[in-house]
Amino acid sequence: MANKKLYNINTPVNDETKELIDSLKSFGQGGEYADPTTDTAFKHLLSPAIEENKEIIKSFLNTFVPAFAHDAVKDVREASIAVPPLPKPQLKQTFMDMHVISQSGCHYVIEMQAHRHINFDERALYYAAAAYSQQLPEKEFQDPMWYRNLNPTIAIQVLGYDTNRALGIKDKISDNLIERAKNNPLPDNHFMKHYVMTDKNSGQEIKHLQMIQIELPRARKNIFPPQKDFSLTDWWLSIFKFAPQYTQEAISNLEKQGIVMPAVISQALERLYFPKWNPTEIHEYKTDTIEKEKYAVEFASERAEGKAEGKQEGIEIGRKEKEAAVKKAKKEAQRAEKIGIAKN
């Protein structure tokens with residue numbers, strides 16, 4: 001039985017939204033749904049401040065946090081923590097993308113990271129440690145056994161890059177990821193890492209501080225268009241990787257073939273539906289898009305240069321190959337420009 005539609009394709013839209021939709025369609029996208037790997041769309045999709053998002057967050061956590069396969073999250077509430085801690089009250093605060101607390105008291109720090117940078121993993125660990133160390137209110141420290149009240153903290157990062165294919169980034173410090181990935185690459189057909197403090201001698205684990213990383217480019221199973229045998233994990237990956245390709249018409253055609261989205265996935269896709277966004281969100285999304293495409297140009301150039309520098313190791317790249325990589329990325333940037341982004 002088909003899911004009841006949660007929104008109307010004929011929802012009135014303002015001029016800026018219509019311009020965005022038309023531009024995306026002209027570049028081969030469906031034009032109706034946002035890319036959840038952009039900052040604005042990711043927060044719109046999973047922000048616990050929005051009541052209707054709570055079922056979506058629970059589904060996301062239950063799908064990608066192995067520990068909850070048999071202990072589902074029952075409820076979530078928002079809990080913003082400034083990182084680094086504020087030296088004085090009322091200063092401008094920088095928050096992690098998302099910090100939610102389950103009913104059991106477990107803390108989740110959820111972050112979307114589309115672009116790789118030096119020491120990202122170390123920064124993510126710092127965020128997780130900050131959430132873990134700041135979870136208790138000051139009054140609890142009056143109890144000499146306050147540490148009994150500590151709850152696990154799990155940091156989840158959705159990554160827009162494949163760490164196995166990462167090339168070194170030039171910086172004043174060393175790129176630690178390169179050595180880690182070289183010595184211990186993710187096996188084929190795996191797209192998730194799960195870091196837990198583990199004793200190298202006994203194998204004993206301390207699970208109170210964990211990191212889970214979802215590397216979207218490594219999820220190479222055919223997840224678009226959807227199939228009848230899709231698991232909930234497949235649906236989530238399809239939304240994260242291919243939301244801009246979905247349309248109301250395509251979804252309707254899938255239902256006629258007996259391919260029906262789970263209710264929570266339909267709700268998640270609804271959160272990415274442009275006609276329901278306000279003008280501020282549309283403008284922020286446009287800005288996100290052009291920044292993402294500009295990064296693609298820089299990344300293509302750096303990747304080509306990195307390969308060129310590897311000649312002594314037998315890795316060569318010709319001038320034409322480098323130019324082709326940069327040219328392709330520049331086309332993507334031009335596409336974003338045409339969407340109508342004003343950088344003010």
Side-chain angles (χ1 to χ4, degrees), residues 35-39 41-42 64 96-97 109-128 155-195 211-224 237 240-242 244 288-337:
D35 178 356
T37 65
T38 58
D39 287 345
F42 185 76
F64 292 110
M96 300 160 286
D97 275 6
V109 179
I110 308 173
E111 182 176 8
M112 177 70 224
Q113 187 66 29
H115 318 317
R116 192 174 84 82
H117 59 69
I118 290 283
N119 274 23
F120 169 75
D121 292 344
E122 288 77 3
R123 191 196 79 181
L125 180 60
Y126 177 82
Y127 282 6
I156 305 166
Q157 297 104 38
V158 182
L159 306 182
Y161 53 88
D162 177 349
T163 55
N164 278 14
R165 299 181 68 241
L167 295 175
I169 298 175
K170 293 180 180 178
D171 198 279
K172 62 183 180 181
I173 63 172
S174 60
D175 193 346
N176 296 331
L177 174 66
I178 300 304
E179 199 66 23
R180 287 201 299 273
K182 180 181 178 181
N183 294 333
N184 297 284
L186 261 174
D188 290 344
N189 302 318
H190 285 256
F191 61 90
M192 288 181 62
K193 293 177 181 175
H194 189 178
Y195 295 95
M211 286 203 321
I212 293 174
Q213 295 184 337
I214 304 162
E215 300 190 13
L216 294 178
R218 293 190 58 80
R220 299 191 179 108
K221 179 181 175 182
N222 184 14
I223 50 178
F224 188 85
L237 291 172
F240 267 107
K241 294 188 71 171
F242 295 105
D288 288 345
T289 303
I290 196 166
E291 291 302 321
K292 184 176 180 179
E293 301 303 352
K294 283 182 177 179
Y295 173 82
V297 174
E298 295 171 3
F299 178 78
S301 180
E302 288 177 5
R303 188 172 181 83
E305 289 171 1
K307 286 183 178 179
E309 290 172 0
K311 284 182 179 180
Q312 67 275 16
E313 299 175 7
I315 304 172
E316 296 191 15
I317 183 169
R319 177 180 57 81
K320 290 183 179 180
E321 186 178 346
K322 176 182 175 180
E323 290 176 351
V326 177
K327 185 177 180 181
K328 181 179 178 181
K330 283 183 176 178
K331 277 188 177 180
E332 291 296 312
Q334 289 169 357
R335 176 186 68 78
E337 291 282 3

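Of the inter-residue distances, the one linking Ile110 atom CD1 with Ile156 atom CD1 reads 5.0 Å to the nearest 0.5 angstrom. Taken from CG in Leu216 to CG in Leu159, the straight-line distance is 7.5 Å, to the nearest 0.5 Å. Rounded to the nearest 0.5 angstrom, Leu125 CG and Arg123 CZ are separated by 12.0 Å. Residue Met192 holds its CE atom at 11.0 Å from CD of Gln157, rounded to the nearest 0.5 Å. Here NE2 of His117 is found 11.0 Å from CG of Asp175. Values are rounded to the nearest 0.5 Å.
Of all non-hydrogen atoms in Ile178 and Gly168, the two that sit nearest each other are CD1-N, 3.5 Å. Summarising the geometry of Ser174 relative to Asn119, their closest heavy-atom pair is O-OD1, 4.1 Å, with the distance given to 0.1 Å. Listed here is the closest heavy atom pair of Ala155 and Ala128: CB-CB, 3.7 Å. Taking each heavy atom of Ala41 and Pro36 in turn, the nearest pair found is CB-CA, 3.8 Å. Taking every heavy atom of both residues into account, Ala181 and Thr163 meet most closely at CB-O, 3.5 Å.
Glu111 places none of its side-chain heavy atoms less than 4.5 Å from the side chain of Phe42.
Within a 6.0 Å radius of CG in Asn189, no more than 12 heavy atoms belonging to other residues, nucleotides or ligands are found.
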Residue pair Phe120, Leu177: steps toward the side chain to side chain contact (heavy atoms under 4.5 Å, CB included) verdict: CA-CA 9 Å; Phe120 169 75; Leu177 174 66; over 6 Å; no

Are Phe224 and Lys241 close enough, and set up right, to give a side chain to side chain contact (heavy atoms under 4.5 Å, CB included), and what steps lead you there? CA-CA 9 Å; Phe224 188 85; Lys241 294 188 71 171; over 6 Å; no

What's the verdict on side-chain hydrogen bond (donor to acceptor under 3.5 Å, both in side chains) for Glu215 and Asn164, showing C-alpha distance, side-chain angles and the deciding distance? CA-CA 10 Å; Glu215 300 190 13; Asn164 278 14; over 6 Å; no

Evaluate the side chain to side chain contact (heavy atoms under 4.5 Å, CB included) criterion for residues Leu237 and Phe191: first the C-alpha distance (whole Å), next the side-chain angles of each, then the deciding distance (0.1 Å), finally the verdict. CA-CA 11 Å; Leu237 291 172; Phe191 61 90; 3.6 Å; yes

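Residue Thr37 is tested with Met112, His115, Gln113 for a side-chain contact (heavy atoms from CB on, under 4.5 Å); the sole match is Met112. The one candidate from Asp171, Asn176, Ile169 that meets the side-chain contact (heavy atoms from CB on, under 4.5 Å) condition with Ile173 is Asp171.
With hydrogens and angles ignored, the 3.5 Å screen pairs no side-chain donor or acceptor of Arg218 with any backbone N or O of Asp162. Counting only distance, with no hydrogens or angles, the side chain of Arg116 and the backbone of Leu167 share a donor-acceptor pair below 3.5 Å.
Between Asp121 and Lys193 there is no salt bridge, since no side-chain N of the basic residue sits under 4.0 Å from a carboxylate O of the acidic one.
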